[in-house]
Trainee: 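Structure incoming, see below.
Below, read A as the first sequence line, B as the second, and so on, with proteins coming before strands; counting in each chain starts at 1. Since we're looking at a predicted model, the values are computed, not measured.
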Number of protein chains: 4
Amino acid sequence: MVEVLVEATTRVLLKDGYEACTTNRVAEVAGVSIGSVYQYFPDKESLVLAVMERHQEQLQAAMVVRLSELANADLATAVHEMLGAMLEAQRLQPRLHRVLLEQVPRIGALRRLHELNGQYAPLVEAWLETHRDQLGITNPSVAAWVLIGAVEGVLARVLMEKPGWLELGLLQEHLTRLVLSYLQPNVRRSKR
Amino acid sequence: MVEVLVEATTRVLLKDGYEACTTNRVAEVAGVSIGSVYQYFPDKESLVLAVMERHQEQLQAAMVVRLSELANADLATAVHEMLGAMLEAQRLQPRLHRVLLEQVPRIGALRRLHELNGQYAPLVEAWLETHRDQLGITNPSVAAWVLIGAVEGVLARVLMEKPGWLELGLLQEHLTRLVLSYLQPNVRRSKR
Amino acid sequence: MVEVLVEATTRVLLKDGYEACTTNRVAEVAGVSIGSVYQYFPDKESLVLAVMERHQEQLQAAMVVRLSELANADLATAVHEMLGAMLEAQRLQPRLHRVLLEQVPRIGALRRLHELNGQYAPLVEAWLETHRDQLGITNPSVAAWVLIGAVEGVLARVLMEKPGWLELGLLQEHLTRLVLSYLQPNVRRSKR
Amino acid sequence: MVEVLVEATTRVLLKDGYEACTTNRVAEVAGVSIGSVYQYFPDKESLVLAVMERHQEQLQAAMVVRLSELANADLATAVHEMLGAMLEAQRLQPRLHRVLLEQVPRIGALRRLHELNGQYAPLVEAWLETHRDQLGITNPSVAAWVLIGAVEGVLARVLMEKPGWLELGLLQEHLTRLVLSYLQPNVRRSKR
DNA sequence: CATGAATGAGACTTCATTCAT
DNA sequence: TATGAATGAAGTCTCATTCAT
């Protein structure tokens, strides 16, 4: 039932946008009574939150698969592949991602979205720590934080303004360069 | 009157957030009749839009002052100062900026906010074009686009998660590094 | 509930007129929440429309009873009785009928009222067709149309200006004469 | 000024209908300040009333011209011409007439419209009185009243449902027959 | 007289939520 | 547990009218 409701909410969000995503509409699309919605979700916001979380889980799952192979790739390859994985993940449900990003009122909900993105921070930080010797950074914690913000910012822009670019390799190159040269500013690198 | 209304909207936005920012409340805080609100603004959204635009103008004005002195600074200094100006601009009304970023329903309004930020694109692009010989970039247009996204992303994160960092020099260093090394990946740079 | 709402609307219409017939007032008089009004009627107009339709049904039902006995009366009697039935029907709720006629904004609603009256046209036409041999008319379709207009016009005038006359036989005689002599202009008739 | 305002109201009524006929819109179309409207008319209703009255005057004026020649025509001709004059009068501003009839809320305003039509009553009555010897009627007062109602009813129907018929002679024949045979039920008449 | 900015009561309508069945 | 009719607070917006200039 929870699944049915989250599914229905996603569908409504996609088809009609956040404004038109009323609890009654969700119940209708789910083929369930409105009462049942409140049996499983305390309020409207939690419905949307659940959609976000499920979406985020899917993104992560998609990335994990892609990244598991990178165990001992070199730095440049690792970054390149990781960003590729992120871009690919965006392609899973770009329209949903965009609606979530654009239309959902942030208080509460978007906050949560950022928290979800924040989950990456420790992972990235740990990774930076591990490769510290190859990197020109002094504060892995801040570096991770800055990188996540920067990549998130570019991804958000793509989604909102140039969704078509998700299909191109273009962005992956640029992001790789952004990240790599930030991490190794003094290193002369061969062009990828 | 327009001024009074925009002012009142800003105040309500700051004090009560977007959800509680109703037209009646704005009128009340402005000390005018609700009718007067609709004499000058066609609907609620346009009120918030006006706040955004005024805010953006203030940001830009603040930056222009700060940047006018950079006419013939060297590349590294120019980037450093430009980012310093942006960070300082954020300090003007960080809470307003945050509310705008976090709570305003995006379709329509946030779209406009991005458009406003998009104004920078041609400027940045032109600047990159001008300094092309010193830069290791091949496509100034995409580079400008990526940089704006990245910086925007980091700034948004600061505002939402670490507003205190706006006061520190920390961020400026990191952003400078992010931008500079992206622009000149192969150049050995002295530590700033 | 639908019944309760139509009933309440009728009451408000009668007591306060169309202008004062607001959805909130109807809900209040019906003793229900305003939300319930919109659960069953899409908007204000449809409420009034429902009143009209119910009223019209009542008129027709009243007439049907009265007319069922006329199956094989002679022409003059048939016309006389039919008009009597119409006049009597008006007496059912003359004040409601008047409010509907006088105050309801016509576009949409009054249009519908005329449509409802237009239902008579085919019946009258068929009847004229049936008795064609006794009548001096060449175009039953136009004749029906003219007669309905004429009778409607007189009835409207009675309602608005001389509601008292509904109680007298006076009008029935005059209308009968109007209709009969129109249908049989060349026939010498004994005074009814 | 009064003239300008009545003119503007007429224009708005025709172009946008009664609902959209707001006082501010009238002022705008008249090229005058809203304040000036209230200098000459106490409220919105009186504006519409003035339009009605001017329209009615025009109808009457048109009819007077047409009827002045009938001084000593025979009965049948007189009726025929009079109805022709009425039909022709409707052609003056059929759309305005229709808006007035259909859309204007009657309380107050439509009442007045009927009063204006009621002006005919004494005239018709007097005329019936004059020709009493040729007519088979006993109560000229009621007869006049009924005839006006009947003709009004047919005219209203034409306007609303078959405005095209105003151009045909068809209606004039039928109305003439309606009126004449009502007035002279026992008289064998040659077909007009 | 003319102006038109300002007024504000109040209309219609939505939608998250409850609760008796 | 599921239902869904009922709720009603609250929101946006309109427009006839006023009154100081």
Side-chain angles (χ1 to χ4, degrees), chain A residues 1-2 4-5 9 12 16 18-28 30-48, chain B residues 1-2 4-5 18-28 30-48, chain C residues 1-2 4-5 18-28 30-48, chain D residues 1-2 4-5 12 18-28 30-48:
Chain A
M1 171 70 70
V2 166
V4 168
L5 289 170
T9 308
V12 174
D16 308 307
Y18 180 80
E19 287 285 90
C21 180
T22 67
T23 50
N24 283 292
R25 180 113 182 73
V26 167
E28 183 195 356
V32 175
S33 148
I34 176 65
S36 298
V37 174
Y38 282 87
Q39 203 98 49
Y40 295 95
F41 293 89
D43 54 25
K44 183 188 168 175
E45 196 173 312
S46 63
L47 260 180
V48 176
Chain B
M1 171 69 64
V2 166
V4 168
L5 288 170
Y18 180 80
E19 287 286 90
C21 181
T22 70
T23 50
N24 282 304
R25 180 113 183 75
V26 167
E28 184 193 354
V32 267
S33 148
I34 176 67
S36 296
V37 174
Y38 284 89
Q39 190 119 47
Y40 296 95
F41 294 90
D43 53 25
K44 183 190 166 172
E45 193 173 314
S46 65
L47 261 181
V48 177
Chain C
M1 172 67 67
V2 166
V4 168
L5 288 170
Y18 180 80
E19 289 285 271
C21 181
T22 69
T23 50
N24 283 301
R25 181 114 181 74
V26 167
E28 183 194 354
V32 266
S33 148
I34 177 66
S36 297
V37 174
Y38 283 89
Q39 190 119 46
Y40 296 96
F41 294 90
D43 54 25
K44 184 190 166 174
E45 194 174 312
S46 65
L47 261 180
V48 177
Chain D
M1 171 71 69
V2 166
V4 167
L5 289 170
V12 174
Y18 180 79
E19 288 285 90
C21 182
T22 67
T23 50
N24 283 293
R25 179 113 181 74
V26 166
E28 183 195 354
V32 176
S33 148
I34 177 65
S36 298
V37 174
Y38 283 87
Q39 203 98 50
Y40 295 95
F41 293 89
D43 54 25
K44 183 189 170 177
E45 195 173 312
S46 63
L47 259 181
V48 176

Trainee: Quick one: which of F/dC15, F/dT14, F/dT3 gets closest to the side chain of A/V32?
Mentor: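 Output: F/dT3.
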
Trainee: Using whole Å, report how far CD of C/Q39 lies from C1' of F/dG8.
Mentor: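 After rounding, the reported distance stands at 13 Å.
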
Trainee: Between D/E28 (CD) and F/dA16 (P), how many Å, whole number?
Mentor: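 About 13 Å, once rounded to whole Å.
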
Trainee: Which part of the nucleic acid, if any, lies within contact of A/D43, taking any heavy atom under 4.0 Å across all strands shown: a base, the sugar-phosphate backbone alone, or nothing?
Mentor: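 Sugar-phosphate, backbone atoms only, no base.
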
Trainee: For A/T22, answer base if it contacts any base atom (sugar-phosphate contacts may also be present), sugar-phosphate if it contacts only those atoms, and nothing otherwise; contact means non-hydrogen atoms under 4.0 Å.
Mentor: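 Sugar-phosphate contact only - A/T22 comes under 4.0 Å of backbone atoms but never of a base.
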
Trainee: Is a donor on one side and an acceptor on the other found under 3.5 Å between the side chain of B/N24 and the backbone of B/A27?
Mentor: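 Checked: no pair found.
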
Trainee: Which two nucleotides bound the region of DNA chain E that has atoms under 4.0 Å from heavy atoms of chain B, read 5' to 3'?
Mentor: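 Nucleotide range in contact with chain B: E/dA5 to E/dA9.
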
Trainee: Look at all strands and tell whether B/Y40 reaches a base, only sugar-phosphate, or nothing, counting heavy atoms closer than 4.0 Å.
Mentor: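 Contact class for B/Y40: sugar-phosphate only.
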
Trainee: Within this structure, what is the CZ-to-C1' distance between D/R25 and F/dC15, rounded to whole angstrom?
Mentor: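 It is 14 Å, rounded to the nearest whole Å.
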
Trainee: Mind calculating the distance between CD1 (B/I34) and C1' (F/dC13) to the nearest angstrom?
Mentor: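 My rounded result for the distance is 8 Å.
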
Trainee: Which dot-bracket string fits DNA chain F when only Watson-Crick or G-U wobble pairs with both atom distances under 3.5 Å count, crossing pairs get [ ], and | stands for a partner on a different strand?
Mentor: .||||||||||||||||||||

Trainee: Please report the interatomic distance OH(C/Y40) to CE(C/M1), rounded to the nearest 0.5 Å.
Mentor: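 Rounded to the nearest 0.5 Å, the OH-CE separation comes out at 5.5 Å.
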
Trainee: Using whole Å, report how far CG of C/N24 lies from P of F/dT7.
Mentor: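 After rounding, the gap between these two atoms is 14 Å.
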
